[in-house]
Amino acid sequence: MTGTALAEGIATPVAEPSFWSQVDFGAIVAGVWLSGAAAFIIWRALTYRGMRRDLLEGAKLVARADAVRIVETPAVRAPLAFGIFDKVIVLPQGFLAGADCEISDFVIAHELEHHKGNDLLALILMQPLFALHWFNPLAGRPGEPFARTRRRSAIHA
């Protein structure tokens with residue numbers, strides 16, 4: 001007999017568990033959270049590749065400093081460093097021609113410090129931590145405090 005049990009020879013109804021009592025909400029929440037983290041990592045990797053492609057498209061090699069390429073491009077307004085294996089410093093188009101020698105040397109030295117200090121590698125290694133907080137409205141921009149520290153370290157190096 002389905003839905004009944006025998007107690008001393010008398011059939012008594014047994015309550016079937018409800019659908020909602022069988023749902024593992026913890027597993028659903030964990031699945032959504034981890035799916036969001038995976039989507040965040042994929043999104044970050046794709047946007048990085050797109051940014052790199054856009055910045056290097058039409059860029060002109062102006063110098064090299066050891067293994068670091070220094071290029072000028074119209075795609076940026078301020079200098080920046082990126083790359084772990086193919087290290088690049090990107091300068092605004094005409095930057096070296098327009099800035100005085102002392103300023104341009106300082107700017108390039110500053111960006112080289114980001115490469116020498118492995119700041120960019122540290123930022124990549126922190127992405128899984130950022131991904132785990134994709135849902136957290138209090139996290140805001142999780143890399144911002146680290147970015148301020150990196151800038152200060154590069155300035156004082």
Trainee: Do other residues, nucleotides or ligands put more than 12 heavy atoms under 6.0 Å from the CG atom of D66?
Mentor: no

Trainee: Taking all heavy atoms of G83 and all of L120, pick out the closest pair and write down the distance.
Mentor: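 Result for this residue pair: O-CD1, 3.6 Å.
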
Trainee: Quick one: does L96's side chain get under 4.5 Å of I108's, heavy atoms only?
Mentor: yes

Trainee: Which pair of non-hydrogen atoms, one from P92 and one from P79, has the smallest distance, and what is that distance?
Mentor: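 Looks like CD-N, 4.0 Å.
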
Trainee: Rounded to the nearest 0.5 Å, how far does NZ of K87 lie from NE2 of H115?
Mentor: 7.0 Å

Trainee: Yes or no on side chain to side chain contact (heavy atoms under 4.5 Å, CB included) for F95 and V107, after CA distance, side-chain angles and deciding distance?
Mentor: CA-CA 10 Å; F95 180 80; V107 166; 3.8 Å; yes

Trainee: Quick check on the hydrophobic clustering: are F135 and I42 connected, directly or via other members, by side-chain heavy-atom contacts under 4.5 Å?
Mentor: no

Trainee: Taking all heavy atoms of I84 and all of L121, pick out the closest pair and write down the distance.
Mentor: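 Heavy-atom minimum between the residues: CD1-N, 3.2 Å.
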
Trainee: Heavy atoms, side chains only, cut-off 4.5 Å: are I89 and L112 in contact?
Mentor: yes

Trainee: Find out whether L56 and F82 are in side-chain contact, i.e. whether some heavy atom of one side chain is under 4.5 Å from a heavy atom of the other.
Mentor: yes

Trainee: Is there a side-chain contact between F40 and H133, using heavy atoms and a 4.5 Å cut-off?
Mentor: no

Trainee: Output yes when a side-chain donor or acceptor of E72 lies under 3.5 Å from a complementary backbone atom of G94, and no otherwise.
Mentor: yes

Trainee: Got a second to check how far L129's CG is from Q127's CD, nearest 0.5 Å?
Mentor: 9.0 Å

Trainee: Look at the side-chain heavy atoms of Ile, Leu, Val, Met, Phe, Trp and Tyr, link any pair under 4.5 Å apart, and say whether W43 and L132 land in one connected group.
Mentor: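 Same cluster: W43 reaches L132 through Ile, Leu, Val, Met, Phe, Trp or Tyr contacts under 4.5 Å.
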
Trainee: For residues L80 and L55, report the shortest heavy-atom separation together with the two atoms involved.
Mentor: CD1-CD1, 4.1 Å

Trainee: So, do H114 and H110 sit near enough that their side-chain heavy atoms are less than 4.5 Å apart?
Mentor: yes

Trainee: So do Y48 and I124 actually touch side chain to side chain, heavy atoms under 4.5 Å?
Mentor: no

Trainee: With a 4.5 Å heavy-atom cut-off, do E111 and V90 have their side chains touching?
Mentor: no

Trainee: Any side-chain to backbone donor/acceptor pair from W33 onto W134? Under 3.5 Å, distance only.
Mentor: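 Not a single qualifying donor-acceptor pair exists.
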
Trainee: Are any non-hydrogen side-chain atoms of V88 and R52 less than 4.5 angstrom apart?
Mentor: yes

Trainee: Measure the CG-CD1 distance between D24 and I28 for me, rounded to the nearest 0.5 Å.
Mentor: 7.0 Å

Trainee: Checking I41 against F130 for the side chain to side chain contact (heavy atoms under 4.5 Å, CB included) test, could you report, in this order, the C-alpha distance in whole Å, the side-chain angles of both residues, the deciding distance, and whether it holds?
Mentor: CA-CA 9 Å; I41 291 285; F130 298 158; over 6 Å; no

Trainee: Would you name the heavy atoms of G58 and P74 that are closest together and state the gap between them?
Mentor: O-CD, 4.5 Å

Trainee: Taking everything shown except E57 itself, do over 12 heavy atoms lie less than 6.0 Å from its CD?
Mentor: no

